[in-house]
Undergrad: 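Before we start, here is the structure in question, set down as structure tokens.
Lettering of chains follows the sequences in order, A, B, ..., and the numbering in each one begins at 1. Every heavy atom of this structure was used, including side-chain atoms; hydrogens, water molecules and symmetry mates were not.
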Amino acid sequence: MQLKQTFFARDTLKVARDLLGSRLVRLEDGKRASGIIVETEAYRGEDDLGCHCSAGRTKRTEVMYGPPGYSYVYFVYGMHWLLNFVTESEGFPGAVLIRAIIPDEGQEIIAARREGRPRSEWTNGPAKLCQAMGITGQLNNHNICHPDTSIFVERGREIPDKLVSTTPRVGLDSVPEPWKTIPWRFVAEI
DNA sequence: AGCACGATTAACT
DNA sequence: GTTAATCGTGCTC
């Protein structure tokens, strides 16, 4: 069943933790591709210097200040798209970056988009999974709790705490402490 | 109007 | 381990 807005309208860290084990679903041309989320990162508040919202409200970050349960898809390094889901209450910025999934339904669609790469590298990175699932800026600022959305999350398996580890977030080398090493990355060992 | 940089990846050495 | 690819964004001039 499709996760509701109330799921996302919580503390970003809890949402990031609870998204582990749930299913990211993409509908395209009536076909379904999906994967189980196994790695996430939390970005929360203007104080968080690793979060884009540390720049305050801008055209780009506006979606993170909006209602929870929306997609935030942005472009980096001139070639890659990254997928986030907006959290917290409207007015307070936060989002969870989806960093890795395990492909499940529609693997032939994913394989076609990741042609030539080994199966283990289809969706084991935030830009890789976006490529595999056909996620681009077109999907930015979509209400993923709406019944007709083409991208959403379904409740999946519960992951016990003993299978979840936390680490610093990736790629924040030039961000000052404590944000650089605060353990807001969540990984499920499945 | 211009510029430095980035929540990455793949293909190198 | 190193590096190029490539461009939107936000900041400075």
Undergrad: Compare the minimum distances between each of dA10(B), dA7(B), dC11(C) and the side chain of R99(A), then state the nucleotide with the smallest one.
TA: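 Shortest atom-to-atom distance from the side chain points to dA7(B).
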Undergrad: Quick check for you: among dT9(B), dA7(B), dG8(C), whose closest atom lies nearest to any side-chain atom of F75(A)?
TA: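 My answer, after comparing the listed nucleotides, is dG8(C).
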Undergrad: Are H52(A) and dA7(B) close enough that a side-chain N or O sits under 4.0 Å from OP1 or OP2?
TA: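 Looking at the OP1 and OP2 atoms of dA7(B), one of them is under 4.0 Å from a side-chain N or O of H52(A).
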Undergrad: May I ask you to say what R57(A) touches in the nucleic acid, namely base, sugar-phosphate or nothing, with a heavy-atom cut-off under 4.0 Å?
TA: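 Since no nucleic acid heavy atom lies under 4.0 Å of R57(A), the category is nothing.
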Undergrad: With sequence neighbours excluded, tell me which residues meet side chain to side chain donor-acceptor pair (under 3.5 Å) with E189(A).
TA: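 With sequence neighbours excluded, E189(A) shows a side chain to side chain donor-acceptor pair (under 3.5 Å) to S165(A), given in chain and number order.
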Undergrad: Does any nucleotide pair with dA7(B) by Watson-Crick or G-U wobble geometry, both distances under 3.5 Å, and what is it?
TA: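 For dA7(B), the partner nucleotide comes out as none, under the 3.5 Å rule.
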Undergrad: Please report the shortest heavy-atom distance between L13(A) and F186(A), naming the atom on each side.
TA: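 Between these two residues, the closest heavy atoms are O-CZ, 3.8 Å.
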Undergrad: If you only use heavy atoms from C-beta on, which nucleotide in dT9(B), dA7(B), dC7(C) is closest to the side chain of P126(A)?
TA: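 Nearest to the side-chain atoms of P126(A), counting from C-beta on, is dT9(B).
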Undergrad: H52(A) vs Y74(A) aromatic rings, parallel, tilted or perpendicular, using cut-offs 30° and 60°?
TA: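 Judged by the thresholds at 30° and 60°, the geometry between H52(A) and Y74(A) is perpendicular.
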Undergrad: In this structure, how many angstroms lie between the P atom of dT9(B) and the CG atom of L83(A), rounded?
TA: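 L83(A) atom CG is separated from dT9(B) atom P by 13 Å.
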Undergrad: Whole-Å distance between dG6(B) C1' and L97(A) CG?
TA: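 Atom CG in L97(A) sits about 13 Å away from atom C1' in dG6(B).
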Undergrad: Enumerate the residues from residues 60-71 of chain A whose closest heavy atom to DNA chain B is under 4.0 Å, giving them by residue number; use none for an empty result.
TA: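 Within residues 60-71 of chain A, no residue comes under 4.0 Å of DNA chain B.
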Undergrad: How would you list, by chain and number, every residue that makes a side chain to side chain donor-acceptor pair (under 3.5 Å) with N140(A), sequence neighbours excluded?
TA: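 Applying side chain to side chain donor-acceptor pair (under 3.5 Å) to N140(A) gives none.
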Undergrad: Want to settle it: does V175(A) or Q131(A) sit nearer the 5' end of DNA chain B, counting the closest nucleotide to each?
TA: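 Looking at DNA chain B, the more 5' nearest nucleotide goes with V175(A).
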Undergrad: Using the six-membered base ring of dA5(C), report whether Y77(A) stacks on it, requiring centroids under 5.5 Å and planes under 30° apart.
TA: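 No; centroid distance or tilt outside limits.
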Undergrad: Is the distance from OP1 or OP2 of dG8(C) to the nearest side-chain N or O of K59(A) less than 4.0 Å?
TA: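 For K59(A), the contact criterion (side-chain N or O under 4.0 Å from OP1 or OP2 of dG8(C)) is not met.
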Undergrad: For the side chain of H80(A), starting at C-beta, report the closest nucleotide among dT9(B), dA7(B), dG8(C).
TA: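 Nucleotide nearest to H80(A)'s side chain: dT9(B).
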Undergrad: Any base atoms under 4.0 Å from G171(A), or only sugar-phosphate, or nothing? Heavy atoms, all strands.
TA: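 Sugar-phosphate, backbone atoms only, no base.
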Undergrad: Considering only dA10(B), dG6(B), dC11(C), which nucleotide approaches the side chain of A55(A) most closely?
TA: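 For A55(A), the side-chain atoms sit closest to dC11(C).
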Undergrad: Do T149(A) and N143(A) come within less than 4.5 Å of each other through their side chains, counting heavy atoms only?
TA: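 No - every pair of side-chain heavy atoms lies 4.5 Å or more apart.
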Undergrad: Looking at dA5(C), dA7(B), dA10(B), which one has an atom nearest to any side-chain atom of M79(A)?
TA: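 Among dA5(C), dA7(B), dA10(B), the one nearest the side chain of M79(A) is dA5(C).
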Undergrad: Answer with yes or no whether the side chains of R185(A) and T167(A) bring together a donor and an acceptor at under 3.5 Å.
TA: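 Indeed, the side chains of T167(A) and R185(A) share at least one donor-acceptor pair under 3.5 Å.
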Undergrad: What's the closest nucleotide to the side chain of A127(A) if the choices are dT8(B), dA5(C), dC11(C)?
TA: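 Closest of the options to the side chain of A127(A): dT8(B).
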Undergrad: Going by heavy atoms in the side chains, are V73(A) and I135(A) under 4.5 Å from each other?
TA: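 A side-chain contact exists here, since the closest heavy-atom pair is under 4.5 Å.
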Undergrad: Does dG6(B) have OP1 or OP2 sitting under 4.0 Å from an N or O in the side chain of S174(A)?
TA: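 Checking S174(A) against dG6(B): at least one side-chain N or O falls below 4.0 Å of OP1 or OP2.
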